[in-house]
**Student:** 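Shown below is the structure under consideration.
Side-chain atoms are counted along with the backbone in the values below, which use heavy atoms only and exclude waters and symmetry mates.
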Amino acid sequence: MNIEKIIQQAASDAITKLYGEVAPALVQIQKTRKEFSGDYTLVVFPLLKTSRKAPEATAVEIGEQIKADCPLVAGYNVIKGFLNIELNASFWAEQFEEIRSTEEFGKAASTGKTVMIEYSSPNTNKPLHLGHIRNNLLGYSVSQILKEAGHNVIKVNLVNDRGIHICKSMIAWLQYGEGETPETSGMKGDHLVGKYYVEFDKHYKAQIKELMAEGVSEDDAKKQAPIMKGAQEMLRKWEAKDPETIALWEKMNGWVYEGFDVTYKALGVDFDKVYYESQTYLLGKSIVDEGLAKGVFFRKEDNSVWIDLTADGLDQKLLLRGDGTSVYMTQDLGTAFRRWEDNKLDEMIYVVGNEQNYHFEVLKLVLKKLGYDWSDNIYHLSYGMVELPEGKMKSREGTVVDADDLVAEMIGTAREMSAELGKLDGLDIEEQNKITAMIGLGALKYFILKVDPRKTMLFDPKESIDFNGNTGPFIQYTHARIKSVLRKAAEAGIDYSAKSEIELLAEEVELIKTLTEYPAVVLSAAQNFAPSIIGAYVYELCKSFNSYYHDHSILREENEAVRNFRLQLVEQVAKIVSRGMNLLGISVPERM
């Protein structure tokens, strides 16, 4: 039930009776601000032309009419041009019964809409790092939220498994690897290949310096460095399907995929489909040929293919190099076309960092100029970078914060802090391990997802693992606290399943009101692709519960009907906390 719509209709009916019909857009209902008394507020100012009266007088007239006509309304108050409407406690009691009786409260009916969301998109020349963590957590959470909002969601990963960056790791391994493998080195495969990406950069810089010492200009030295020429030759061989090059590429990529799978499992993210750029770049090339034939693209003297977007306020964009090798845009055209044709999508969302804003602006425009009108339904979910107290990360120099190391560090810190606070007392080793992993990952995920995706954020591991404040562990502990109360009720043989007719306290009404908001919060988060909206909601719900728990007895309440209602209420709070956190990809413990 959409309560705001009910109040809006009651207000519209009252206004029509008093002054005649008004446009629905003028009847503006919002939740009453916490500092004022009331549940919902009607903004009166847009109605003054119709009422031809002062704001206060208009608000009083409408308030009296609503109160007379709508049995849900208990009373009202007027603050200047704002009519604050208070609903009957009995109404909130009915709402609570509806929440209790709804199997998956807040899960929207199917929209029939199919949405594809791409996230992760790693390169196979290095392990996943902190930036990838934000990408994966954001993509997975938005997928969960869109499902809850009723959409059919297809989660996909695009693996950047080809290109010059891959060849850099390959040539470095050939020249300096001496046959090293994950087995002989004891390293995860993605870490081993990443090691040779750093190795390439080290030797490349040394060769540039050597050439410059011989009098070669810096620009020419960068082009003439033997290791770079070797990488470029390897890319040409790869595109020509040279068997030896392909075999090395498959071997090293295989190492990386095994490593990635371990990291994805640790992060708790997954995919419905995986696309590989090596399988779509040829389709991209054929789309470029199509664009040339249509006159959308043009060829330069060096044989490279471009599109001129200067008339659209952009610049000229390269689509194919002069030697015939493809660029990112080439394969992105092929991938977008393949996905749309294969899946009959309604919308396609790319979760990619904000440094690629221009790239996606161009991608949409190029597809549109090629006549693919579905390009209007492509959305780039752009997010800011993650920085640490020490500053930015650089993968070429090997100074990245590795995803595996960070996850291990978070779990280790969670164990130390939990043990220190006595949260693990009485638990066996297996349960301790399970809970500390849950807390460590919950802290990491919540800290990252509570921030608006568009903002650059500073990640502080120590700050994220705190059992007080706006953190994952605080919410997890709140859930465990409720579960402890419910366990004790079960152990005492208390049956609280029957409906309890009691007079609700103001704090109980507030908790019920917050619970009723869950469906609207889910829809808002889905419309804005914003897990932060879910995070803020769950945190406020937990704060309200803890305040209520502090002030009112539950199991020790002497009035049986009141005690049973309170058990029902906190049980629903726990369910919504669990569901909300699940949308963030976070598990909540039963005990802690």
**Student:** When you measure from the side chain of Gln432 to the backbone N and O of Leu427, does any donor-acceptor pair fall under 3.5 Å?
**Tutor:** yes
**Student:** Between Phe474 and Tyr539, does the ring centroid distance fall short of 6.0 Å?
**Tutor:** yes
**Student:** Determine, for Asp342 against Lys273, whether the closest basic-nitrogen to carboxylate-oxygen distance falls under 4.0 angstrom.
**Tutor:** no
**Student:** Side chain of Lys513, backbone of Asp39: donor and acceptor closer than 3.5 Å?
**Tutor:** no
**Student:** Under 3.5 Å, is there a donor-acceptor pair between the side chain of Asn77 and the main chain of Ile79?
**Tutor:** no
**Student:** Using modelled atom types and a 3.5 Å cut-off, is there a donor and acceptor pairing between side-chain atoms of Asn157 and backbone atoms of Ser121?
**Tutor:** yes
**Student:** Check whether His479 reaches the backbone of Gln476 with its side chain - one donor and one acceptor, N or O, closer than 3.5 Å.
**Tutor:** no
**Student:** Once the angle between the rings of Tyr140 and Tyr119 is folded into 0 to 90°, is it parallel (under 30°), tilted (30 to 60°) or perpendicular (over 60°)?
**Tutor:** perpendicular
**Student:** Please check if the side chain of Asp452 supplies one atom and the backbone of Arg454 the other of a donor-acceptor pair under 3.5 Å.
**Tutor:** yes
**Student:** Going by heavy atoms in the side chains, are Arg563 and Arg566 under 4.5 Å from each other?
**Tutor:** no
**Student:** On the six-membered ring of Phe105, is Lys575 placed so that its NZ or CZ lies under 6.0 angstrom from the centre and within 45° of the ring axis?
**Tutor:** no
**Student:** How far apart are the C-alpha atoms of Gln568 and Asn564, what are their side-chain angles, what is the distance that settles it, and do they pass the side-chain hydrogen bond (donor to acceptor under 3.5 Å, both in side chains) test?
**Tutor:** CA-CA 6 Å; Gln568 291 169 3; Asn564 289 353; over 6 Å; no
**Student:** I'd like to check Leu511 versus Leu541 (side-chain heavy atoms, cut-off strictly below 4.5 Å). Are they in contact?
**Tutor:** yes
**Student:** Hey, is the main chain of Ser90 close enough, under 3.5 Å, to the side chain of Asn88 for a donor-acceptor pair?
**Tutor:** no
**Student:** Look only at the side chain of Ser484 and the backbone of Ala480, and say whether a donor-acceptor pair between them is shorter than 3.5 Å.
**Tutor:** no
**Student:** Short question: side chain of Tyr19, backbone of Leu48 - any donor-acceptor pair under 3.5 Å?
**Tutor:** no
**Student:** Among Tyr548, Phe545, Tyr549, find the residue that satisfies the side chain to side chain contact (heavy atoms under 4.5 Å, CB included) test when tested with Val573.
**Tutor:** Phe545
**Student:** Check for a donor-acceptor pair, side chain of Ser418 on one end and backbone N or O of Lys423 on the other, with a separation under 3.5 Å.
**Tutor:** no
**Student:** With a 4.5 Å limit on heavy-atom distance, are the side chains of Thr263 and Lys188 in contact?
**Tutor:** yes
**Student:** Check for me whether Arg339 meets the cation-pi criterion with Tyr275, that is, NZ or CZ under 6.0 Å from the six-membered ring centre and within 45 degrees of the ring axis.
**Tutor:** yes
**Student:** For Phe45 and Phe82, I'd like to know if the aromatic rings sit close, meaning centre-to-centre distance below 6.0 Å.
**Tutor:** yes
**Student:** Tyr379: which residues meet the ring-ring contact (aromatic ring centres under 6.0 Å, His included) condition with it, sequence neighbours left out?
**Tutor:** Phe529
**Student:** Count the heavy atoms belonging to other residues, nucleotides or ligands that lie under 6.0 Å from CD of Glu35, then report whether that count exceeds 12.
**Tutor:** yes
